[in-house]
Amino acid sequence: MAKKIIFDTDPGIDDAMAILFALAAPELEIVGLTTIFGNAHTDLATQNALRLLAFAGRDDIPVAHGAPQPLQRVFDRPADFVHGANGLGGVYLPDPVLQPDPRPAAQFIVETVMQHPGEITLVPVGPLTNIALALMLEPRIVERVAGVVLMGGAATVNGNVNPAAEANIWNDPHAADRVFTAGWPLVMLGLDVTMQVAMDDAYLASLRSSRFGEFIYDITRFYLDFHRQVHGEYACHTHDPSAIAYLIDPTLYTVEHGPVRVVTEGLAAGQTLMDRRGEWYSPNAWTPYRPAGVCTGVDAARVLELYRARIVDSQTMEN
Ligand code: BDR
Ligand code: CA
């Protein structure tokens with residue numbers, strides 16, 4: 001049976017790549033998209049989520065509009081230098097015809113999880129504000145979810161905003177610490193693994209035989225230019241699609257276990273700090289919390305093959 005997921009997202013080029021991947025995967029059923037600021041302001045993220053579902057012919061899937069701001073910080077700078085002013089690399093889809101779900105994202109998450117106990121996996125791939133708000137609204141979702149599989153953080157490598165922080169965690173570290181310490185089964189796919197999987201131009205061109213792949217090729221032009229400027233290579237890292245790859249096939253990843261706290265203030269704000277030392281140390285601020293699964297290794301070739309298989313094989317140009 002397909003795993004039910006709520007995909008919490010800030011589309012976003014790699015968010016769009018992940019949404020199409022999930023839609024193309026028979027292993028997964030998206031029961032809703034919830035939106036958040038990050039790559040764009042939340043209003044634009046919601047419009048893009050609706051646009052993407054219409055493009056995919058799946059506007060039966062509800063979209064719930066999320067928080068416009070972090071719990072305590074001020075968000076004022078979308079990552080338009082990475083994703084373009086429209087969030088989709090300057091590729092324009094028609095304006096949405098449908099409206100978002102009337103419920104705010106946190107309420108949508110709570111009601112959906114409570115209606116399907118044990119069935120829903122939350123898959124946040126943006127700042128964790130909506131998930132933290134859902135926890136505050138209804139703490140019992142901790143026992144009612146199947147789990148949380150998120151893209152964010154950096155446990156064994158530097159961040160991408162600064163040496164300490166990855167962008168999703170940086171944008172709302174207070175929310176992230178609540179999510180990592182909530183006590184639910186949680187798996188983190190951070191820069192540790194997402195930067196090990198590179199999609200180069202030839203790979204992206206190889207997706208173009210499908211309608212989804214053609215769109216992915218088009219939106220990644222802007223993304224590749226950004227990566228070339230910053231990393232010197234004409235290839236992009238595989239951030240948000242990694243969460244979907246893990247859900248489809250966890251054996252693609254090596255997972256370490258340890259409690260993770262998020263630094264919320266100071267120079268290292270936004271850092272995801274995992275206790276990797278084992279259990280013999282004296283009690284500390286990590287000790288009371290359920291260990292997270294943190295992905296630290298990945299079979300990059302198999303992730304790329306899985307992504308191509310789902311994007312190309314399940315949605316050919318004729319469909
Ligand atoms: C994360 O930040 C966003 O820009 C991407 O969509 C991804 O979720 C990578 O650091
Ligand atoms: Ca994202």
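In this chain, numbering begins with 1 at the start of the sequence shown. Order of listing sets the numbers, starting from 1, for every ligand and every atom in it.
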Report task. Using side chain to side chain contact (heavy atoms under 4.5 Å, CB included) as the criterion, list what pairs up with Thr181, not counting sequence neighbours. Result ->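 Once residues adjacent in sequence are excluded, the partners of Thr181 under the side chain to side chain contact (heavy atoms under 4.5 Å, CB included) criterion are Asp177, Arg261, Tyr289.
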Query raised in the report: Do His83 and Tyr223 have ring centroids that are under 6.0 Å from one another?
Result: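 Distance test on ring centres: under 6.0 Å, yes.
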Query raised in the report: Hey, do the aromatic rings of His65 and Phe108 have their centres closer than 6.0 Å?
Result: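 No, the ring centres sit 6.0 Å or more apart.
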**Report entry** Sequence-distant partners of Arg144, salt bridge (Lys or Arg N to Asp or Glu O under 4.0 Å), two or more places apart
**Finding:**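 With sequence neighbours excluded, Arg144 shows a salt bridge (Lys or Arg N to Asp or Glu O under 4.0 Å) to no residue whatsoever.
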Query raised in the report: Is the charged tip of Arg211 near the ring of Phe55: under 6.0 Å from the six-membered ring centre and within 45° of its axis?
Result: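 Satisfied, under 6.0 Å and within 45°.
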Requested in this report: Examine Arg228 relative to Tyr234 and say whether NZ or CZ is less than 6.0 Å from the centre of the six-membered ring and inside a 45° cone about the ring axis.
Outcome: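 Here Arg228 passes the 6.0 Å and 45° test against Tyr234.
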**Report entry** Any Leu204 side-chain heavy atom under 4.5 Å of Arg221 side chain
**Finding:**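 When only atoms from C-beta onward are counted, Arg221 and Leu204 do touch, with a gap below 4.5 Å.
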Could you pull out every N or O of ligand 1 that sits under 3.5 Å from a protein N or O, with the distance for each pair?
unit_1, atom_1, unit_2, atom_2, d
ligand 1, 2 (O), Asn168, OD1, 3.4
ligand 1, 4 (O), Asn39, OD1, 2.6
ligand 1, 4 (O), His83, NE2, 3.2
ligand 1, 6 (O), Asp14, OD1, 2.6
ligand 1, 6 (O), Asp14, OD2, 3.1
ligand 1, 6 (O), Asp15, OD1, 2.9
ligand 1, 6 (O), Asn39, ND2, 2.9
ligand 1, 6 (O), Asp240, OD2, 3.2
ligand 1, 8 (O), Val125, O, 2.9
ligand 1, 8 (O), Asn168, ND2, 3.0
ligand 1, 8 (O), Asp240, OD1, 2.6
ligand 1, 8 (O), Asp240, OD2, 3.2
ligand 1, 10 (O), Asn160, ND2, 2.9
ligand 1, 10 (O), Glu166, OE2, 2.5

Report task. Take the Ca ion (ligand 2) and tell me which protein N, O or S atoms are nearer than 3.0 Å. Result ->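 Protein N, O or S atoms closer than 3.0 Å to the Ca ion (ligand 2): Asp10 OD1, Asp15 OD1, Asp15 OD2, Val125 O, Asp240 OD2.
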Report task. Verify whether one side chain among Asn130 and Thr34 offers a donor that lies under 3.5 Å from an acceptor in the other. Result ->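 The criterion, which ignores hydrogens and geometry beyond distance, is not satisfied for Thr34 and Asn130.
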Query raised in the report: Checking Asp10 side chain against Asn39 main chain: does a donor-acceptor pair fall under 3.5 Å?
Result: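 Side chain of Asp10 to backbone of Asn39, a donor-acceptor pair under 3.5 Å: yes, one is there.
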